[in-house]
Amino acid sequence: MIKNSAAEMAQSLASGATTSVALTQAHLDRIADVDSKVRAFLHVDTEGALKQAADADAARARGEKLSPLAGVPLALKDVLVQKDVPTTCGSKILEGWRPPYDSTVVSKLKNAGVVILGKTNMDEFAMGSSTENSAYGPTHNPWDLTRIPGGSGGGSSAALAAFEAPLAIGTDTGGSIRQPAAVTGTVGVKPTYGGVSRYGLVAFSSSLDQAGPCARTVLDTALLHEVIAGHDPKDSTSINAPVPQVVAAAKSGDVKGMKIGVVKELNGDGYQSGVRQRFEESLELLAQAGAEIVEVSAPNFEYALAAYYLIAPSEASSNLARFDAMRYGLRVGDADGASAESVMNMTREVGFGREVKRRILLGTYALSSGYYDAYYGSAQKVRTLITQDFNNAFAKCDVMVSPTCPTTAFKIGEKTNDPLAMYLNDIATIPVNMAGIGGMSLPCGVAPEDGLPVGFQIMSPVMQDQRMYSVGAALEAALLSKWGAPLLSQAPSLGGAA
Amino acid sequence: MSALTYEDVISKYEPVLGLEVHVELNTNSKMFCGCSTVFGAEPNTQTCPVCLALPGALPVVNEKAIESTILIGLALNCSIAPFSRFARKNYFYPDMPKNFQISQYDEPICVDGYVDVEIETDEGPKSFRIEIERVHMEEDTGKSLHVGGSTGRIHGADYSLLDYNRAGIPLVEIVTKIVPGTGKYAPEVAKAYVAELRDILRALGVSDVKMEQGSLRCDANVSLRLIGSDVLGTRSETKNVNSLRSVERAVRGEMIRHAERLNKGEKVVQETRHFQEDTGLTRSGRSKEQAEDYRYFPEPDLVPVAPDAQWIEKLRASLPERPSLRRKRLQEQWSVPDKEMAAMINADVLNIVEETVLLGADPTKARSWWLGEISRLANEKEVAISGLAISAKDVADIVALVAQGELTDKLARGVVEGVIAGEGTPAEVIASRGIKVVNDDGALMAAIEKVCSEQSETADKVRNGHLPAAGALIGAVMKETKGQADAARVRELLLGHLGQAAN
Ligand SMILES: [Zn+2]
């Protein structure tokens, strides 16, 4: 049951073949079996999940009109607040905090009857590409427990790959949905910036952060996308326009006559040979499905990483200023007339991890008077150039594609002392955030040299998210008929009861 | 105390002013969330995830605050930017929940305006133009209450309490360009500017403009330069100036303090200073020598403000009459002498007098009630006139009753007193106190006959043609009728009764 897709589970629920309580319990059992190895979850809300499941079953029994995903379980990245459920963002500074309100994404999930199993692990405040920066220890890749599951949303993607949940929510600031999807052999989508409300998403970099759907199939991802997307008056940057018809696109999977632009700059040197091989084969399958493959150039992408590491830390340095021990979260050193200033200092010293501190320092420096123009100012100009690159390329094609990551999953600990090597993981995903467009990663095979999953990235213009779903569904169908079974069937079983 | 006189200062130096005024808007909800803005609620009862800066919460701009700010900009003759942005001003302070303030930095909503103010000079009334650099929007901080220690300040306190009800209240900051050329009138010009601003804001209805409650706060920047020099001196920035009178005192005091330092060959320190109401002096605050770096950058959680040109024109068309023009118009319409006009402005009764006149009262009568008896009672009770329980309608009714002969001036004073004492409307006071003019000739004749028989000697004098003696009899009759009679009628009837033709 737990290896089915969310769409199949929804069907079983609709037909009465199973109940949400049974389905939820099956996933809770799976978590109990395997999560001591995977460590995808920071908090499992057993009681809350079973209650939501019972509510969904009751609503179904009353004959209420239900959303397509009603009663299906989901794993929530621990950066989105859920009322009364601990939210840590992978940080010690928020340990024990129970938010008094629901994020808009959570409200929409609850309204749709989706069952929230618990909160998943992540790099602290979403800063990282491996979940090794979580204050609560790393998550392990179900394909190889000695390897990273990607980051920052490694917990969500690992939960999917380990069949601990059929659906998950991630957030993507520079690739935190797509890179974990790529290295775990799952699907992840970063919608157009403003497509999904950020209200209740604990901010890392406000102008780049975007919550999005994660699942094991393109259709499941689309179904979840339509549940969480839409305009929200509580988020000024949310787009007031109809949600793109992504479910219809995922169902049809039609790419006939579509022009697919291969980004010249996101392929070649620095990309693992097996990654390139699977990517090229995928292009061929898409061509066979009726798409036209063209090459497009994005000359300014080479500055994207540098600009990203100025903009994101700058915004983070300001966003994280609120963690000051005054109103919530950790408080250290509050004794014997200690001043507010010293309590703030001690709390931030103890509460934040190394990577978070590194980025606060970077950002504070980049925004300082005298440096602002050279750093933050220049980075914003690069951002404009990258957007122009996308606009120029989208004049010649409907979607752009690239490998999601230069390599497959690396070993836990391999890059922890080399931040720059770590940052390079996101070289192909960051431009999408810089331009605020949509991006998807779906599995396109395993690299022959290491047997680990490879991600295929599809990028679509602002509010044209349905295009990447069309292409993703077409590729997924072609690969499935080639493989005969989903890629995840090749992953180790983890010894669970399933 | 200072050895220098003000005359010494201005004979050598020219003051240069700069004024920053913060205005709390009177919107129903806060700048970036739906919380109430009502003053004086229990601490931390008007808060939500947004204004407490809970993780994940996002700001949304209050449209009404933007409208109010545009109105202010238009009334100050500013251009309204077709595109402006919010920015984050980053600094740590416990009463600022996000540890940054959402403000506007290099892209404010209103720029380049002016206000003309008129003051009395030795050569008669003179107008000064104060140029406005910018008007921008921001949010207020919470309040810290430092408990323990002797000073009420953070140093030496045992602990501090934080109230976030004020956090996020919409503020508008109005910044002047430097104001040179006011010479010895700098203090008066500064005061007149703040007063004019207050009147404009009140006329717009966008703020309570209560300096004592902090809804209008002024920071006065003062520097001196040698007369004839075109090099600006170092300025000090005086905060905490909470009344119009204090604006004038603070500027004057800083001019003298700067001159004393400069005369001794000392430098003026660029710093924030706090005005002390009791002494009229300023005390040093935080030094700005190491300028604080606020790391401003565009607020990524908010989209730029791009007001529609048509909307701006609609707002421009809705602007009320400029207060200075209104004052001139009313003075003319009511034929008020300059001195009386100044008295009305000072006593802040112009609005209520106008209201009373609009309800049909004679302007001179309306003015004399508000400025005379009612002001006196307000002083006696040590409250503002607006705090008294008497309305323009009440006064208009009383003026009408006097005109109809239903009340004498003396009786009317009693009615005013009754209304203020909370005894009800003028009609209710008249009824309950049994006040009425006695104009029943029969009742008066009875009183006259009684008095004349009691004081027959005096009555005889009058009978014999000694008319001045009638005064005593009239007084006695008035006493007999408890002051409710019309004295002229009494005289007429008395003289007739004693065989003398009334004249
Ligand atoms: Zn609020």
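Lettering follows sequence order; numbering is per chain, from 1.
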>> Working to the nearest 0.5 angstrom, can you tell me the gap between B/Asp293 CG and A/Ser369 OG?
In response: 4.0 Å
Side chain, backbone, both or neither of [X] within contact of chain A (heavy atoms, under 4.5 Å):
X: B/Phe297; answer: both
X: B/Tyr164; answer: side chain
X: B/Asp301; answer: both

Count the heavy atoms belonging to other residues, nucleotides or ligands that lie under 6.0 Å from [atom1] of [X], then report whether that count exceeds 12.
X: B/Tyr91; atom1: OH; value: yes
X: A/Lys92; atom1: NZ; value: yes
X: B/Lys64; atom1: NZ; value: no
X: B/Tyr296; atom1: OH; value: yes
X: A/Asn111; atom1: CG; value: yes
X: A/Lys357; atom1: NZ; value: yes
X: B/Glu313; atom1: CD; value: yes

> Within the distance-only criterion (no hydrogens, no angle test), does the side chain of B/Asn90 pair as donor or acceptor with the backbone N or O of A/Ser318 below 3.5 angstrom?
Replying inline: no
> Do side-chain atoms of A/Arg322 reach the backbone of B/Pro97 as a donor and acceptor pair under 3.5 angstrom?
Replying inline: no
What part of [X] is in contact with chain B, defined as an atom under 4.5 angstrom from a non-hydrogen atom: side chain, backbone, both or neither?
X: A/Asp209; value: neither
X: A/Leu320; value: neither
X: A/Pro99; value: neither
X: A/Thr364; value: both
X: A/Tyr371; value: neither

> Does B/Arg295 reach the side chain of A/Tyr365, with side-chain heavy atoms less than 4.5 Å apart?
Replying inline: no
> Does a side-chain heavy-atom distance below 4.5 Å link B/Tyr294 with A/Leu367?
Replying inline: no
What pair of heavy atoms forms the shortest contact from [X] to [Y], and how long is it?
X: A/Glu315; Y: B/Arg88; result: O-NH1, 4.1 Å
X: B/Pro94; Y: A/Met326; result: CB-SD, 4.0 Å
X: B/Leu302; Y: A/Thr237; result: N-CG2, 4.5 Å
X: B/Pro59; Y: A/Ser236; result: O-OG, 3.2 Å

> A/Tyr372, A/Tyr199, A/Tyr376, A/Phe323: which one forms the most heavy-atom pairs within less than 4.5 Å of chain B?
Replying inline: A/Tyr199
> With chain B, which of A/Ala366, A/Gly363, A/Ala321 has the greatest number of heavy-atom pairs at distances under 4.5 Å?
Replying inline: A/Ala321
> Listed by residue number, which members of residues 51-58 of chain B have a heavy atom under 4.5 Å from any heavy atom of chain A?
Replying inline: B/Leu52, B/Ala53, B/Leu54, B/Pro55, B/Gly56, B/Ala57, B/Leu58
